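Below is one structure, written out as structure tokens, with a few remarks after it.
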2 protein chains.
Amino acid sequence: MAEKNQHHHGNLRPALIDAGIEVLKAEGLSALSLRKVAAIAGVSHAAPAHHFDGKNGLLLAIAAEGFRTFIRYMEESRAVAGPAPQAKLLGICHGYLSFAKDHDALFQLIFSPDIKNNTDTELTDAAQRAFGVLADTCALFEPSPSHPQGNEMMVWSLVHGFATLRRFHQTVPPTSNQPIQFSDILPRLTPRK
Amino acid sequence: MAEKNQHHHGNLRPALIDAGIEVLKAEGLSALSLRKVAAIAGVSHAAPAHHFDGKNGLLLAIAAEGFRTFIRYMEESRAVAGPAPQAKLLGICHGYLSFAKDHDALFQLIFSPDIKNNTDTELTDAAQRAFGVLADTCALFEPSPSHPQGNEMMVWSLVHGFATLRRFHQTVPPTSNQPIQFSDILPRLTPRK
DNA sequence: GCTTCTATCTTTACACTGTAAAGTTTGAGG
DNA sequence: CCTCAAACTTTACAGTGTAAAGATAGAAGC
């Protein structure tokens, strides 16, 4: 490894992003601080400022990386699903939900309104590619009569809300104690012929 | 008013909660601090500690208050809707979405996983009552064949995801620029006879 | 080979945050 | 009138983001 204990770290930027993801996994979003990731990477606390424009910049970079693994989750889950359109759609959603479960804090971050994005193309590109994965799968079905993107928004809202509320129910327990599967609430769409 | 400029404020607890909601409206969740609400209420920065168990306690109290106005939004929106079950359901959802739009930061707070709830009955009661408003309206329809609470969870996930993604699209703009209405993605349920 | 220069990182400093502990005031009860 | 307890203040401390100035090392030019 490029373990130079000198002044120049070598590839500090990705190291800081990795450290950030590490903190997210271990202690959650609220525990993520510039000084902590700097300490993990073995540099001074002010070093991150030269690679990211403040804390928000680090969050943007981590979020972009998060979106990329988010995409991977959906694509891999779709790949192992059956060939039928409905199976592929459910596969995407299961990937969505698996990501939310496996990367709790990262999921919180990438959809957090706290990260102010001012034309960060790296983030918006990754986010729109993530939406594209879902849109492509929705294109296998007849479009919604009410709106050209009706199916996308319906499925996207449904799975996102489901994931978010499942997180919420860890804090405020639901009234019912019968666990519900996502496939129970996903409507059947009519495949395109 | 009970404007005593002495040592004892009189009713500091609700004043701090109001100050917190005021900050949320003006500057957002990230700008909410104990010291700031204390300053607004005109007390020393450590005063809140005697009424709430730390910052999380204040957040819990604000969130409980937030859930109560959240309930009011849904009930009032249902009241002005038509008598048909589907109209009432759509009314609830519009109240849901109006609240999310009018009280952006408060909406973020009440569904934030950062507020750690350790058997705070005030919050859980309000939250479960909010869910009850939606459940009551869903009871007007035939139950989902797949799960007794299938309709509730479907509608709840749908509207919550829609609200969240609308917030998200303020940061990352959507690929399509044709605005979509919630009524376009809400499925028609079959009313109970 | 030597100098210069620039990106990278460090040091120092400051305002702000939450929290704990000890001190002060005020109003109520004996 | 005295005591006392609740409400609030004061003081202190560790942690945070950020800005500015200083140090270092590798590259670029000659």
Side-chain angles (χ1 to χ4, degrees), chain A residues 1-20 22-24 26-63 105 109 112 114-118 120, chain B residues 1-20 22-24 26-63 105 109 112 114-118 120:
Chain A
M1 306 309 191
E3 285 298 333
K4 325 167 127 182
N5 51 356
Q6 269 92 340
H7 231 249
H8 281 49
H9 182 282
N11 52 350
L12 182 53
R13 202 187 129 101
L16 290 170
I17 294 176
D18 288 350
E22 183 183 329
V23 172
L24 285 182
E27 307 175 68
L29 179 54
S30 58
L32 180 63
S33 74
L34 285 176
R35 293 170 110 103
K36 192 176 284 182
V37 298
I40 292 175
V43 293
S44 82
H45 69 266
H50 290 263
H51 294 276
F52 310 98
D53 185 21
K55 183 177 185 180
N56 191 61
L58 173 65
L59 294 182
L60 286 174
I62 294 177
L109 172 63
S112 167
D114 290 335
I115 55 174
K116 307 291 182 198
N117 175 21
N118 306 326
D120 181 296
Chain B
M1 305 304 196
E3 283 297 332
K4 325 164 128 182
N5 53 356
Q6 269 91 341
H7 230 250
H8 280 49
H9 181 283
N11 51 350
L12 182 55
R13 202 187 130 100
L16 290 170
I17 294 174
D18 288 351
E22 183 184 329
V23 172
L24 285 183
E27 308 175 67
L29 179 55
S30 58
L32 180 62
S33 75
L34 285 177
R35 294 172 110 103
K36 191 176 284 183
V37 297
I40 293 175
V43 293
S44 82
H45 69 266
H50 289 263
H51 294 277
F52 309 99
D53 187 21
K55 182 177 185 180
N56 191 61
L58 174 65
L59 294 182
L60 286 174
I62 294 177
L109 171 64
S112 167
D114 289 334
I115 56 175
K116 306 291 182 198
N117 175 24
N118 305 326
D120 180 295

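Just so it is clear: chains get the letters A, B, ... in the order the sequence lines come, proteins before strands, and each one is counted from 1. Since the model is a prediction, treat every value here as computed from it, not as a measurement.
Proximity of residues 26-41 of chain A to DNA chain D (heavy atom under 4.0 angstrom from any strand atom) is restricted to A/Ser33, A/Leu34, A/Arg35. Scanning residues 46-60 of chain A for heavy-atom distances under 4.0 Å to DNA chain C yields A/Ala46, A/Ala47, A/His50, A/His51.
With rounding to the nearest 0.5 angstrom, the NZ atom of A/Lys116 is 11.5 Å from the CG atom of A/Leu59.
With sequence neighbours excluded, the residues that form a side-chain hydrogen bond (donor to acceptor under 3.5 Å, both in side chains) with A/Glu27 are A/Lys36. Looking at residues two or more places apart in sequence or on another chain, you find a side chain to side chain contact (heavy atoms under 4.5 Å, CB included) between A/Ala19 and A/Val37, A/Ile40. Residues meeting the side chain to side chain contact (heavy atoms under 4.5 Å, CB included) test with B/Leu34, sequence neighbours left out: B/Pro48, B/Lys55, B/Leu58. Remark: B/Arg35 pairs with no residue by the salt bridge (charged side-chain N to carboxylate O under 4.0 Å, His left out) rule, at least two apart or across chains.
Remark: A/Asp53 CG is loosely packed, at most 12 non-hydrogen atoms of other residues, nucleotides or ligands lying under 6.0 Å away.
For C/dT12, its base sits under 3.5 Å from the side chain of A/His45 at one donor and acceptor pair at least.
For the pair B/Asp114 and B/Asn56, the tightest heavy-atom approach, listed with the atom from each and the gap, is O-OD1, 3.8 Å. Between A/Gly20 and A/Ile62, the closest heavy-atom pair is CA-CD1, 3.8 Å.
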